[in-house]
Amino acid sequence: MIHGGRTLVRVVWVLAAMLCLAGMGGAAWAGDGETVPARDPKQAVDEAYTAKMKKYTTAPYFTSPLVDYLPASKNVPTPEVVLGDVAGAPGILPYAEDVYKYMRLLEKASPRVKVYSIGTTEEGREMIAVAVSSEDNLKHLEENRARLAKLADPRTIQLNDAEADKIVAQATPIYYITGTIHSPETGAPTALMELAYRLAVDESPYIREIREGTITLITPVVEVDGRDRMVDIYRWHLAHPKDFYPPLIYWGKYVAHDNNRDAMGVTLKLTENVLKTYTGWKAQVLHDLHESVPYLYDNTVGDGPYNAWIDPILADEWEMIGARNVADMTEFGMPGVFTHGDFDTWSPGYLMFIAAMHNGISRLYETFGNGGADTKERTLEPEEYARTWFKQNPPLPKALWSQRNNNNYEETGLLTSLHYFNENKRMFLKNFYLKAKRSVEKPNAEGPAAYVLSADDPRPELQWELLRVLEKQQVEISRATASFSVTLPAKKAKKPAKGDASKDKDKDKDKDKDKDADNGPTTREFPAGSYIVRMDQPYSRIADALLDYQYWSPDDPQKTPYDDTGWTFGELFGVQVTRVTDVKVLSAAMERVKDVRTPGGVKGDGSVFAINNTAEPTLATLRYKLKDASMEAAEEPFEVSGTKFNRGSILVRGVGRSDLEKAAGDAGLQVVALGATPGVKTHPVRAARVAFVHTWLSTQTEGWWRLALDDLKIPYDYISTQAVAKIDDLNSKYDVILFPPVGFNAPSSAIINGLPMAWGNPLPWKNTPETPNLVGKNDSTDDMRPGLGWEGVARLQAFVAKGGVLLTATDTSNFALSIGMGTGVSISPSQKMNIVGSVLGARLVDTASPIAYGYAEKVSVYCDNGPIFSLSSIAGERRRRKLGNQSKSRPTGRGTMDDPDFAVGRAGVEAPEEPSPELWESPEVTDEQKMNNPRVIPPADRPRVILRYADNKELLISGLLEGGDEIAQHPAVVDVPSGNGHVVLFSINPVYRGETRGTYSLVLNTILNFDSLNAGRKNEEK
């Protein structure tokens, strides 16, 4: 069972919904005491507008009695005044500014509408929220907000259910609708313009009940930057109807489709603005509109597994509202409405999940959009129109589909949801309170009691970054004013992983390691100043979900996870986080922290300054901030006056103390002034000139890298593969070229060749009078089709050969190897490995490499089926993979297991010991292989493994891992000398969704030490 203890409750609701559906006839609404969904015959209809709606609706079953007319108003303008036609008309997509213009006209004309600015995007465009309700409700918003705030934080009423019931009886709930977070899904803005008009003007009892009983809050455009670009492209398409039009390569400034995966890290402005709006208004529902499935899929119910941290009440609310949606719209005769499907609701990264993790109701529609406002004949795949147990009235195999059809479905679904929600608002408000109350009671229920982030964490700046995420999530943070101790549960010994290829000696080590694992609970003391995230607070749910560990069973019935399966933030940030079940932690002396700050600055006396390197990303910020200062990295650990400094620690000269004090304070770094220069070998740390390369295939994954560099204030030139091919001497401009992942496992041929040039037309991405918004703050080209080309390949090869550093990750690492830029490294094909966005364990191999500076032995990394690197010491030779169970004993023969065999008739000869390199090592070259073999790679040119994946038993930290033995112990980060330069290959993605800050410094160390990457290298043969 997916939901365990809540199965019985769910069954009751599903049966009730089925009975409701079975009993529905034409008079079911009135017979059940419900309001009939029909217009008020006393209210005039806007006949001209209604006639156009019917004209643009391609079949009568693609509309409903809720939206097949538009009520007339003498004072309130319809969307036509701005659009020039009705909502959903062919050929019309409004810019966000036009949508806002209409919403403000509504506000001016009707006391039932108010418009609020809720923030801006990265490019400075406004985001809005539109409140639609009765005039009386809008007059008393603040009083209502105060009531809802008490339900949202039951501590304010001492968790008193009776008091909550009184508030529930008085409060007006808030239903928050968001549209067009995904820019190619274009229909929501016009649907929401018309919905706002209907809610403000329609006097039918069905609509009036919604208006008087609920406050509908609407953000019509979430991804505003991308919306304006999409409208540009559509208008270009209208002006060039016979040509291919450019794909939407940029949505927002940084990311595209992944903007709906940011609800954990809250790195994007759109996420932060919606989160603040949802929590600030104390809304009960967040309903996000998408368009990728025919015709309406309420995918919140979807399929399992559900997120482990949601309240069971929420799962039942999903079922209740979803079942009613299907029932109502099926009663209207609208085909293709369903609520079960293949979408699992495991990851809390979706925008709608802001509500799920803050005690509300998350909802998401997928309707059917055409990626513009054209009317097209659409032909579905068989699985899309097949009748199933959950889709009894499926979509048609083929249909003429219009934007008006799409708007009809969006509005009908929303109105039936709003009406059902309003009819049951007392229950939903009580549930809102109960979920918050259960969050507060968590320590004495399922636990834990708190999470503790110790004051002695060696990475205080990264600790602050993690706490800052929690602050954005409205989580309360406290700080201990005195030391305290807690009891921690006993650690359980790990069971051997399936397919573990470890050697017997490693198993013996594991036994020694685990022998103390079951010895019982332990006590740990935390120093004063430690941060405590209490779980007896309303938003404990989101903190628990982010800080806890996740496990997705390989045996789970869901075989196609929709998104990442693991995300433990403490691990990915490289910060110590302790889960505490001991409730006495809540009695520790502490005070609430309103604004977490990381102490940084200079202490001590002296003219030489030292910064201990603990792989804090802001070390790179400091280097670029103090561009004229002299900085050197220590190649060995050292100690001064009892203070220990790690390898890679930075020595700073040539800067005034006050300037350094300010810069270090801003960066959250502790600087120690020394009386003399330590006697340790160093090398310069320079501010490298960085090129950041992207393709015109996708900018989705690399956008997270740009966001990270911009946040850290690391300057770079943003250039395309086309530009690389045109720069004669890359070394004259750049020291380091970053080539982050393209995404979708882009094949090397696509990176080189781009899009087909043998047919079609140029695909421009540039600002013109037709397309004034395309470029924004990104890149431009006359034609997106050309790729890097073979000339660009030659330029990259020459750049590295002449001393440059090329850094690649995942699919671009595969590209680098495919063009011969990683001698001695190959990629082994996977047979059974399945790693879907998981947190894995890795181990430092070469602590002396500058790339590893600041890291401890164990590193947690993000991996999504990364390439399996294998090393060879002979150029062009692929290391043989040993498949199956390998024999670990001698061959069959005479004697015991430990005795040598013999050959009859001759004296015994002792066999030489066979080399047995580890999986992450370059194999030793035998004497036989060295004989007249020019392909033997000299030791100084062999790949240098910086980081490897952990042993199979310790590989999985969070998420799904299947067939992990294929990648266990293999290299994860490799530095390959090439000519006078280096190619640095990542199997992991070190910079991802703002969640992997703990591995940022693997990239930043490469940049800072670009001309000293050979430091600490051991070149001798074993």
Does [X] come within less than 4.0 Å of [Y], counting only side-chain N to carboxylate O?
X      : Y      : value
Arg211 : Asp202 : no
Arg112 : Glu203 : yes
Arg541 : Asp311 : yes
Asp68  : Lys54  : no

Under 30°, 30 to 60°, or over 60°: which ring-plane class applies to Tyr206 and His419, parallel, tilted or perpendicular?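 Geometry flag for His419 against Tyr206: parallel rings.
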Geometric class of the His287/Tyr365 ring pair [parallel <30°, tilted 30-60°, perpendicular >60°]: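 Rings of Tyr365 and His287: perpendicular, over 60°.
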Partners of Thr58 by side-chain contact (heavy atoms from CB on, under 4.5 Å), sequence neighbours excluded?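 For Thr58, the residues satisfying side-chain contact (heavy atoms from CB on, under 4.5 Å) (neighbours in sequence not counted) are Phe62, Thr375, Leu400, Ser402, Asn405.
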Identify the two heavy atoms, one from [X] and one from [Y], that lie closest to each other, and give their separation to 0.1 Å.
X      : Y      : value
Asn259 : Ile181 : ND2-O, 2.7 Å
Gly372 : Leu93  : CA-CD1, 4.0 Å
Leu415 : Leu195 : CD2-CD1, 3.6 Å
Leu238 : Gly91  : CD1-O, 3.5 Å
Gly413 : Leu296 : CA-CD1, 4.2 Å
Ala355 : Leu286 : CB-CB, 3.7 Å

Among Thr214, Thr35, Thr172, Thr216, find the one that has a side-chain hydrogen bond (donor to acceptor under 3.5 Å, both in side chains) with Asn422.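 Considering Thr214, Thr35, Thr172, Thr216, a side-chain hydrogen bond (donor to acceptor under 3.5 Å, both in side chains) with Asn422 is found only for Thr214.
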[X] atom [atom1], neighbour heavy-atom count above 12 within 6.0 Å:
X      : atom1 : answer
Glu97  : CD    : no
Lys472 : NZ    : yes
Lys269 : NZ    : no
Lys376 : NZ    : yes

side-chain hydrogen bond (donor to acceptor under 3.5 Å, both in side chains) contacts in which one or both residues fall within residues 37-50, not counting sequence neighbours: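 Applying side-chain hydrogen bond (donor to acceptor under 3.5 Å, both in side chains) to every pair that reaches into residues 37-50, excluding sequence neighbours, yields Tyr49-Glu194.
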Taking side-chain hydrogen bond (donor to acceptor under 3.5 Å, both in side chains) as the cut-off, I'd like each qualifying pair that reaches into residues 143-152, sequence neighbours left out, listed once.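 The answer is Glu142-Arg145.
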Side chain to side chain donor-acceptor pair (under 3.5 Å) between Ser117 and Glu126, intermediate numbers included: CA-CA 7 Å; Ser117 184; Glu126 183 187 23; 2.9 Å; yes
Taking the side chain as every heavy atom from C-beta outward, state whether [X] and [Y] have any pair of such atoms under 4.5 Å apart.
X      : Y      : value
Phe353 : Met264 : no
Arg438 : Pro312 : yes
Thr345 : Trp318 : yes
Val67  : Arg198 : yes
Tyr69  : Ser204 : yes
Ile207 : Leu418 : no
Thr190 : Pro94  : yes
Met193 : Val99  : yes

For residues 275-285, which residue pairs qualify under salt bridge (charged side-chain N to carboxylate O under 4.0 Å, His left out), counting only residues two or more places apart or in two chains?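 Pairs touching residues 275-285 that pass the test: Glu272-Lys276.
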Looking only at side-chain N and O atoms, does Asn393 offer a donor or acceptor that is under 3.5 Å from a partner on Thr330?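 No, Asn393 and Thr330 have no side-chain donor paired with an acceptor closer than 3.5 Å.
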Sort and list the pairs that fulfil ring pair (Phe, Tyr, Trp, His ring centres under 6.0 Å) and have at least one residue in residues 91-124, not counting sequence neighbours.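 Every ring pair (Phe, Tyr, Trp, His ring centres under 6.0 Å) pair that includes a residue of residues 91-124, provided the two are not neighbours, is Tyr116-Trp281.
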So, applying salt bridge (charged side-chain N to carboxylate O under 4.0 Å, His left out) with Glu317, which one of Arg324, Lys435, Arg363 is it?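 Of Arg324, Lys435, Arg363, salt bridge (charged side-chain N to carboxylate O under 4.0 Å, His left out) with Glu317 is met by Lys435 alone.
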Under the ring-ring contact (aromatic ring centres under 6.0 Å, His included) rule, collect the residues that match up with Phe421, sequence neighbours excluded.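 Phe421: ring-ring contact (aromatic ring centres under 6.0 Å, His included) contacts with Tyr175, Phe428.
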